[in-house]
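Worksheet for the structure shown next.
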Amino acid sequence: MTSWADLAAFAERLPGAVLGEAHDGSPAWYAGRHQCARLRWDDDGHELAQVWTGELHTGAAVAARREAFPVIHTFEHRVSLWCRLDLLEREWRTGPGDAPAQLVRASPAPPR
């Protein structure tokens, strides 16, 4: 099971990543002046990571996994995803050297 602590462990390894706060006081990771990951919670108390990507196909790629990605907003130049961290597979957070980038991009685990 993946958690915000797992995401934070990866984010702190990214060059220039800085832990800060979102406008509502929740923890958020920044790359330069841009938020790249933010902690949220759903109504049942599950941890959600809101992440952003410039990979515009991402929303369509995860649309069938609404349980794991309950919020998907595709804008002109960015996609914003909210992902339930406890539903991301372990191999996606302990993968190869680019695993931090994979998590920030909110790559879904393959269906079983």
Side-chain angles (χ1 to χ4, degrees):
M1 183 164 76
T2 303
S3 69
W4 179 257
D6 297 317
L7 187 143
F10 282 128
E12 65 190 11
R13 294 180 9 211
L14 295 171
V18 177
L19 180 61
E21 289 186 355
H23 68 279
D24 66 354
S26 63
W29 282 93
Y30 290 83
R33 61 187 179 102
H34 299 283
Q35 239 181 58
C36 59
R38 173 183 173 191
L39 178 61
R40 293 179 173 267
W41 294 268
D42 68 12
D43 292 339
D44 296 322
H46 298 110
E47 289 182 332
L48 302 169
Q50 181 180 8
V51 296
W52 294 264
T53 179
E55 302 292 328
L56 296 178
H57 68 279
T58 305
V62 299
R65 298 199 59 221
R66 282 300 190 153
E67 182 177 314
F69 298 92
V71 177
I72 303 168
H73 296 293
T74 301
F75 302 101
E76 187 175 348
H77 299 289
R78 289 264 176 251
V79 177
S80 171
L81 302 162
W82 296 18
C83 50
R84 254 190 65 185
L85 291 171
D86 63 319
L87 296 180
L88 295 182
E89 297 289 333
R90 180 176 173 82
E91 64 266 21
W92 291 93
R93 66 181 172 89
T94 59
D98 66 345
Q102 287 178 342
L103 190 55
V104 170
R105 286 193 310 258
S107 299
R112 295 182 188 224

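Worth saying up front: this structure is predicted, and the values here are computed from it rather than measured.
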Verdict with supporting geometry, Asp86 and Thr2, side-chain contact (heavy atoms from CB on, under 4.5 Å): CA-CA 5 Å; Asp86 63 319; Thr2 303; over 6 Å; no

Step-by-step side-chain contact (heavy atoms from CB on, under 4.5 Å) determination, Ser80 to Gln50: CA-CA 7 Å; Ser80 171; Gln50 181 180 8; 3.0 Å; yes

Derivation and outcome, side-chain contact (heavy atoms from CB on, under 4.5 Å), residues Gln35 and Trp29: CA-CA 6 Å; Gln35 239 181 58; Trp29 282 93; over 6 Å; no

Hydrophobic cluster identity match, Val18 and Val51, side-chain contacts under 4.5 Å: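 Val18 and Val51: separate clusters.
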
Hydrophobic cluster membership, Leu7 vs Leu19, 4.5 Å side-chain cutoff: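 Yes, Leu7 and Leu19 fall within the same hydrophobic cluster.
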
Check: [X] side chain, [Y] main-chain N or O, donor-acceptor pair, under 3.5 Å:
X	Y	result
Arg66	Pro70	yes
Asp44	His46	no
Tyr30	Ala37	no
Glu47	Ser3	no

side-chain contact (heavy atoms from CB on, under 4.5 Å) evaluation trace for Leu87 with Glu67: CA-CA 8 Å; Leu87 296 180; Glu67 182 177 314; 3.6 Å; yes

Validation row: Arg84, Asp42 side chains within 4.5 angstrom (heavy atoms):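 Yes, side chains in contact.
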
Test salt bridge (charged side-chain N to carboxylate O under 4.0 Å, His left out) applied to Asp24 and Arg38, step by step: CA-CA 11 Å; Asp24 66 354; Arg38 173 183 173 191; 2.7 Å; yes

Interatomic distance, [X] atom [atom1] to [Y] atom [atom2] [nearest 0.5 angstrom]:
X	Y	atom1	atom2	result
Leu39	Leu85	CG	CG	7.5 Å
Cys83	Ile72	SG	CD1	10.0 Å
Trp82	Trp41	CH2	CH2	11.5 Å

Qualifying residue, where the test is side chain to side chain contact (heavy atoms under 4.5 Å, CB included) with Leu81 and the options are Thr58, Thr74, Leu48: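 Among Thr58, Thr74, Leu48, the one that satisfies the side chain to side chain contact (heavy atoms under 4.5 Å, CB included) with Leu81 is Thr58.
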
Shortest non-hydrogen contact from [X] to [Y]?
X	Y	answer
Ala31	Cys36	N-SG, 4.2 Å
Val71	His73	CG1-NE2, 3.3 Å
Ala11	Ala17	O-CB, 3.1 Å

